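Just so you know, these numbers come straight off a predicted model, no measurement behind them. Scope of the values below: all heavy atoms of this structure, side chains included, with no hydrogens, waters or symmetry mates.
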Amino acid sequence: MSIEPFGFDRVFRFTSAEAEEKDNGKAAYEELAALEARLERMREEHAAELVRARADGFEAGLEQARHERDTALLAATDALHAGLDDVVRRFDEVTGQVGREAASVALLAAEMLAGHAVALEPARAIDEALARALDQVARGTRITVRVHPSLRAHLEQVVAARQASERRELSILVIDDPAVAPSDARIGWVEGGLGVDAGARREAVLAELAGLLEPAAVQVPESASEAAGTAVSRDGEPAESGDQAGLGAAA
């Protein structure tokens, strides 16, 4: 048996099956690369969607929190305003009550002081009114003073004391008049006259305090200040009470 060398060709040629398999492998590789690229894009899109969903969820939660906060603040503000209105209303009520009580106390204190002043100097208001009358009339003008009989003797002493202190001659006549209330007087002369009316002065004071006093306090009976006690005048007669003298008696 003889062995001879085989002559190999330097150019290799594939068969059609091998070429088709090679093309299929290349196509598969390209499809795999496309799938990987698509998968990568899907991953990126998924990540972007997650970020967007998280941002939307956070924004929605924030908006809900803001809405709840605004609702709570509105309710709290309404409650605060209602509370403030109630406080203001109560404050106004308390202020009005305190003002009325203070006015009532001031009125009662003034009446007691006036009554005490009348008890100490029952003719003081009349003497002061007589001084004003003397300032208005000419020298030598005759003046008549009508007073309650219980006050005549004491007033005559006051007139005598005034005459002693005056350099001019005074013509003052004291006349009994039961119609005149104790501590009141009617002073008259030819050209005019004036009156000492404790009741009118008290009514004027009550009119000024009417907005502060209780309705019942405005109609205080004349015996309201008798708690200060019944005073006795210098001539031995019972003197008038604080309400009869009025607030002007101490003026």
Side-chain angles (χ1 to χ4, degrees), residues 58-132 135 148 151 180-187 194-233 238-251:
F58 179 78
E59 186 65 26
L62 185 61
E63 184 65 25
Q64 180 66 23
R66 288 172 179 172
H67 177 70
E68 293 178 356
R69 179 202 61 187
D70 294 341
T71 302
L73 285 177
L74 182 60
T77 302
D78 292 340
L80 180 61
H81 286 169
L84 288 176
D85 292 340
D86 185 63
V87 169
V88 171
R89 179 181 58 80
R90 293 185 180 181
F91 180 77
D92 292 340
E93 292 178 356
V94 171
T95 301
Q97 182 65 27
V98 170
R100 289 189 292 271
E101 292 178 357
S104 299
V105 171
L107 179 62
L108 293 177
E111 289 177 344
M112 294 181 65
L113 291 174
H116 185 65
V118 169
L120 293 177
E121 299 180 86
R124 178 179 176 181
I126 302 174
D127 185 37
E128 292 176 352
L130 187 59
R132 292 194 297 272
D135 291 338
H148 192 270
L151 196 61
V180 178
S183 78
D184 288 353
R186 296 174 184 172
I187 303 174
L194 57 86
V196 179
D197 191 343
R201 291 193 296 272
R202 185 175 186 278
E203 290 178 1
V205 173
L206 289 177
E208 293 295 329
L209 297 177
L212 296 175
L213 293 173
E214 297 284 355
V218 177
Q219 300 176 355
V220 176
E222 293 186 357
S223 59
S225 63
E226 289 181 356
T230 303
V232 178
S233 64
E240 53 283 343
S241 65
D243 279 331
Q244 291 171 330
L247 299 179

Novice: What are the two closest heavy atoms between Val196 and Ile126, and how far apart are they?
Specialist: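 Scanning both residues completely, I find the closest heavy atoms to be CG2-CA, 4.2 Å.
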
Novice: Side-chain atoms of residues 74-87: list all donor-acceptor pairs with protein atoms under 3.5 Å, sequence neighbours left out, distances to 0.1 Å.
Specialist:
| residue | atom | partner | partner atom | Å |
| --- | --- | --- | --- | --- |
| Thr77 | OG1 | Leu73 | O | 2.7 |
| Asp86 | OD1 | Arg89 | NH2 | 2.4 |
| Asp86 | OD2 | Arg90 | NE | 3.0 |
| Asp86 | OD2 | Arg90 | NH2 | 3.4 |

Novice: Looking at Val180 and Ala185, what are the two nearest heavy atoms and their distance?
Specialist: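 Nearest pair, atom of Val180 first, then Ala185: CG1-N, 3.8 Å.
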
Novice: To the nearest 0.5 Å, what is the distance between CD (Glu128) and CZ (Arg132)?
Specialist: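 It is 7.0 Å, given to the nearest 0.5 Å.
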
Novice: From Asp92 CG over to Gln97 CD, what is the distance, rounded to the nearest 0.5 angstrom?
Specialist: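 One gets 13.0 Å once the value is rounded to the nearest 0.5 Å.
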
Novice: Show every side chain to side chain donor-acceptor pair (under 3.5 Å) that has at least one partner inside residues 61-75, sequence neighbours left out.
Specialist: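 Residue pairs passing side chain to side chain donor-acceptor pair (under 3.5 Å), neighbours aside: Gln64-Glu68.
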
